[in-house]
Visitor: 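What follows is a single structure, and I will ask about it in a moment.
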Amino acid sequence: MPSNTTSANGSKTIILWFRKDLRLQDNAALSTAVSQGLTIIPVYIREPQEAATGPLGAAQAWWLHHSLTALSASLEKLGSRLLLRSGPAQEVIPALMAETGASGIYWNRRYDPNGIAIDKQIKEAYCQHGLGVKSFAGQILHEPTRLKTGAGNNFRVYTPFWKAFEASTEPPEPIPAPQAIAAPDAWPSSEDLKDWKLVPTKPNWAARFPEFWTPGEDGAHKRLAAFIENGLAGYRTLRDSPDKPNVSMLSPHLALGEISPATIWHATRGLTDSHSAEDVIHFRKELIWRDFSYHLLFHFPALRNKNWNPKFDAFPWRDAPEALEKWQRGQTGYPIVDAGMRQLWQTGFMHNRVRMITASFLIKDLLIDWREGERWFRDTLVDADPASNAASWQWVAGSGADAAPFFRIFNPVSQGEKFDPEGQYVRRFVPELKDMPAKFIHKPSEAPFAVLKEAGVSLGKTYPLPIVDHGKARDAAMAAFQGLRGE
Ligand code: FAD
């Protein structure tokens, strides 16, 4: 294998392996390579689907296609390119090293169990080689090993994690994007993104996604600026209202690393002149939830597949494919649940409050294993994230670290009335109920016949009757849980 090969300008060459860091700004691996005067071969590898973190979902595949397109264009503006290769990284990297004579590999670290295992193998294989392997931080605010309890253990509970975070040093300042990237004398071949078939065609269920999203680094920065301008004021209270524009919707950009969490963190610094400190602090606390989820995944790599609390291994989940499908399609007869599931299907996103309500409904009203929900969200969310998705599902199920107690069972009617009091969110995603008065929009099955008729609703025909009685379902869930306790 050739090593320490130099390009015509005399500089050494490295492979810059892009993974969940599809950005030029605050990209430590890229900036370091540029500052060292290296010739850089940027590559993105389509790795085989992984068992422990789960396959790439269809909605995120759509996002990835557009994000790679955007990254490629940005690299070209700086005189570089993005190579695309497919296959196990343990094979693709050595082939590319041999082909280009690169003497090192740089990347930003990832923290999912498969990614770590692969990176370790490559690191071991190349640590003695030329410039070796250099890895950098940047996917989360602090490395998952950095914060420890007073007793030196890993955290299981969010609040002490957050306090330790607050007591720690600030996340590093973001690094500006480089002005130019040194290219090799000759470019190795690249696969064609179109051949990866990441975007759906027949049917094109993502046809409306561009109305809601602009994948890529520029889109991420515009989204951040718009949120600070229009959404951050009132965040603490209004973040729970699904019909209000007071959440950032930055999660899909973060999921593929188009913007670093440190960039977001620092963008909210010094805003207390124009914004309430409570809003800023609360927003930052949510970013820290993301770090906490990675802390959990890092220290409990089976988070997606296994109950954190093994007591839940004996939970008597129902095998109920019909009910599961009604939940997936937004046909449960509970308007807030159906609105959430349809928002997910139509836009690839669901508001956080509604994620909690729909997840609680699947687990506690339908008694379906939380892993079914995790799988569906992973396939349909543009922000699907191995840490946040698994940790959040286990949080709702009660099986996770620092989870909501199982007996906290959301009532989908009162949750709807509390967080969507006028029913605007429901009207948007469940148009067959758009003319229902606010009083009954969250409980059409309790509306008098005349009200239904006036609103053009025929239960069981234009909109489903509830697939379960929430009161009875709640009792059944509690009985199942008590059974666990009796073990
Ligand atoms: P904002 O309110 O603007 O928050 C800013 C950022 O903080 C988010 O972009 C996100 O990165 C982070 N954040 C906010 N809330 C949480 C949280 N509860 N846990 C972890 N990080 C958080 N988030 C994902 O990014 N990917 C997932 O796959 C995912 N699956 C979820 C599944 C369930 C069942 C639940 C209840 C929550 C899930 N979340 C997931 C967490 C949360 O719902 C989303 O991060 C949030 O809705 C994203 O919207 P936003 O960017 O507007 O959030």
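Small disclaimer: the values here were computed from a predicted structure and weren't measured. Whatever order the structure lists them in is the order used to number ligands and atoms, beginning at 1. Index from 1, following the sequence.
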Visitor: Of all the non-hydrogen atoms in the protein, which one sits nearest to atom 49 (O) of ligand 1, and at what distance?
Guide: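 Minimum-distance protein heavy atom for atom 49 (O) of ligand 1 reads Phe349 CZ, 3.4 Å.
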Visitor: Applying a heavy-atom cut-off of 4.0 Å, say which part of Ile264 lies close to ligand 1: side chain, backbone, both or neither.
Guide: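 None of Ile264 does.
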Visitor: Answer with yes or no after comparing the ring centroid distance for Phe406 and Phe315 against a 6.0 Å cut-off, counting only values under it.
Guide: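 Ring centroids of Phe406 and Phe315 are less than 6.0 Å from each other.
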Visitor: State yes or no: are the ring centers of Tyr334 and Phe361 separated by less than 6.0 Å?
Guide: yes
Visitor: Tell me yes or no: between the side chains of Ser392 and Arg355, is some donor less than 3.5 Å from an acceptor?
Guide: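 No - no donor-acceptor pair under 3.5 Å links their side chains.
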Visitor: Can you list the atoms of ligand 1 that are under 4.0 Å from a heavy atom of Ala384?
Guide: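 Matching atoms, with element in brackets: 28 (O).
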Visitor: For ligand 1, find out whether one of its N or O atoms is nearer than 3.5 Å to an N or O atom of His351.
Guide: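 Between His351 and ligand 1 (N or O atoms, distance only) the closest approach is not under 3.5 Å.
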Visitor: Just by distance, with hydrogens left out, do Ser135 and Lys123 show a side-chain donor and acceptor under 3.5 Å apart?
Guide: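 A pair is found: one side chain offers a donor N or O, the other an acceptor, under 3.5 Å apart.
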Visitor: Within the structure, does Arg239 bring an N/O atom to less than 3.5 angstrom of an N/O atom in ligand 1?
Guide: no
Visitor: If you measure from atom 47 (O) of ligand 1 to every heavy atom of Leu232, Asn352, Asp240, which option wins on shortest distance?
Guide: Asn352
Visitor: State whether a side-chain donor-acceptor pair under 3.5 Å links Thr263 with Gln25.
Guide: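 Absent: no donor and acceptor within the cut-off.
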Visitor: List ligand 1 atoms under 4.0 Å from Met356, heavy atoms only on the residue side.
Guide: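 Per the distance check, 36 (C).
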Visitor: Nearest to atom 5 (C) of ligand 1, what protein heavy atom do you find, and at what distance?
Guide: Phe283 CE1, 3.4 Å
Visitor: Can you tell me which residue and heavy atom of the protein come closest to atom 6 (C) of ligand 1, and the distance to 0.1 Å?
Guide: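 Checked against all protein heavy atoms, atom 6 (C) of ligand 1 sits closest to Leu287 CD2, 3.9 Å.
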Visitor: Can you tell which of Arg110, Lys148, Arg109 makes a salt bridge (charged side-chain N to carboxylate O under 4.0 Å, His left out) with Glu143?
Guide: Arg109
Visitor: Using the ring-ring contact (aromatic ring centres under 6.0 Å, His included) definition, which of the options Trp265, Phe155, Phe292, Tyr158 pairs with Phe165?
Guide: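 Checked Trp265, Phe155, Phe292, Tyr158 against Phe165; only one passes ring-ring contact (aromatic ring centres under 6.0 Å, His included): Trp265.
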Visitor: What's the shortest distance from atom 53 (O) of ligand 1 to any protein heavy atom, and which residue and atom give it?
Guide: Ser248 OG, 4.1 Å
Visitor: Give every residue pair that meets the side-chain hydrogen bond (donor to acceptor under 3.5 Å, both in side chains) criterion with at least one member in residues 335-347, sequence neighbours excluded.
Guide: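 Those involving residues 335-347 are Thr332-Asp338, Asp338-Tyr463, Arg342-Glu432, Gln343-Tyr425.
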Visitor: Using a strict 4.0 Å cut-off to heavy atoms of Arg290, name the atoms of ligand 1 that fall inside it.
Guide: 11 (O), 20 (C), 21 (N)
Visitor: Would you check, one step at a time, whether the test side chain to side chain donor-acceptor pair (under 3.5 Å) holds for Gln415 with Arg353?
Guide: CA-CA 9 Å; Gln415 286 283 310; Arg353 168 58 50 181; 3.0 Å; yes
Visitor: Salt-bridged, Glu166 to Arg284, with N to O below 4.0 Å?
Guide: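 Not counted as a salt bridge, because no side-chain N and carboxylate O are separated by less than 4.0 Å.
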Visitor: Could you tell me whether Glu422 and Arg427 have a side-chain N and a carboxylate O separated by less than 4.0 Å?
Guide: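 The answer is no: the pair does not qualify as a salt bridge.
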Visitor: For atom 19 (N) of ligand 1, what's the nearest protein heavy-atom neighbour? Residue, atom name and distance, please.
Guide: Trp289 CB, 3.8 Å
Visitor: Relative to each other, are the rings of Trp289 and Trp395 parallel, tilted or perpendicular (30° and 60° limits)?
Guide: perpendicular
Visitor: Any idea which part of Trp395 is under 4.0 Å from ligand 1, heavy-atom wise: side chain, backbone, both or neither?
Guide: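 The answer is neither; Trp395 stays 4.0 Å or more away.
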Visitor: How does Leu254 reach ligand 1, if at all, at less than 4.0 Å between non-hydrogen atoms: by side chain, backbone, both, or neither?
Guide: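 It is the side chain that touches ligand 1; the backbone stays farther off.
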Visitor: Does the N or O separation between Met249 and ligand 1 drop below 3.5 Å for any pair?
Guide: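 For ligand 1, there is an N or O atom that lies under 3.5 Å from one belonging to Met249.
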Visitor: Among all protein non-hydrogen atoms, which one is nearest to atom 39 (N) of ligand 1, and what is the separation to 0.1 Å?
Guide: Arg355 NH1, 3.5 Å
Visitor: If you measure from each heavy atom of Phe292 to ligand 1, is any distance below 4.0 Å?
Guide: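 So Phe292 does not count as touching ligand 1.
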Visitor: Return a yes/no value for Leu250: is any of its N or O atoms, backbone included, closer than 3.5 angstrom to an N or O of ligand 1?
Guide: yes
Visitor: Can you confirm, on distance only, whether ligand 1 has an N/O atom lying under 3.5 Å from any N/O atom belonging to Asn389?
Guide: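 N/O-N/O distance below 3.5 Å exists for this pair.
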Visitor: Which heavy atom of the protein is the closest neighbour of atom 23 (N) of ligand 1, given with residue, atom name and distance?
Guide: Ser388 CB, 3.5 Å
Visitor: Against heavy atoms of Asp385, which atoms of ligand 1 measure under 4.0 Å?
Guide: 26 (N), 27 (C), 28 (O)
Visitor: Name all residues meeting the side chain to side chain contact (heavy atoms under 4.5 Å, CB included) criterion together with Val247; count only those two or more places apart in sequence or in a different chain, and write none if there are none.
Guide: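 Residues passing side chain to side chain contact (heavy atoms under 4.5 Å, CB included) with Val247: Tyr235, Arg239, Met249, His351.
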Visitor: Closest non-hydrogen protein atom to atom 38 (C) of ligand 1, residue and atom name please, with distance?
Guide: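 Minimum-distance protein heavy atom for atom 38 (C) of ligand 1 reads Ser392 OG, 3.4 Å.
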Visitor: Between Phe312 and Trp370 (judged by ring centroids, cut-off 6.0 Å), do the two rings come close enough to count as a pair?
Guide: no
Visitor: Is any side-chain heavy atom of Arg290 closer than 4.5 Å to a side-chain heavy atom of Leu254?
Guide: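 Yes, side chains in contact.
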Visitor: Does any N or O atom in Ser251 lie less than 3.5 angstrom from one in ligand 1, N or O only?
Guide: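 Yes: some nitrogen or oxygen of Ser251 is under 3.5 Å from one in ligand 1.
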Visitor: I'd like to know whether ligand 1 has Phe227 as a neighbour, heavy-atom separation below 4.0 Å.
Guide: no
Visitor: Which pair of heavy atoms, one from Leu75 and one from Pro42, lies closest together, and at what distance?
Guide: CD1-CB, 4.1 Å
Visitor: Just which atoms of ligand 1 are under 4.0 Å from any heavy atom in Phe377?
Guide: 32 (C), 34 (C)
Visitor: Nearest non-hydrogen contact with atom 13 (N) of ligand 1 belongs to which option: His253, Arg284, Glu286?
Guide: Glu286
Visitor: Is there at least one pair of N or O atoms, one from Tyr235 and one from ligand 1, spaced under 3.5 Å apart?
Guide: yes
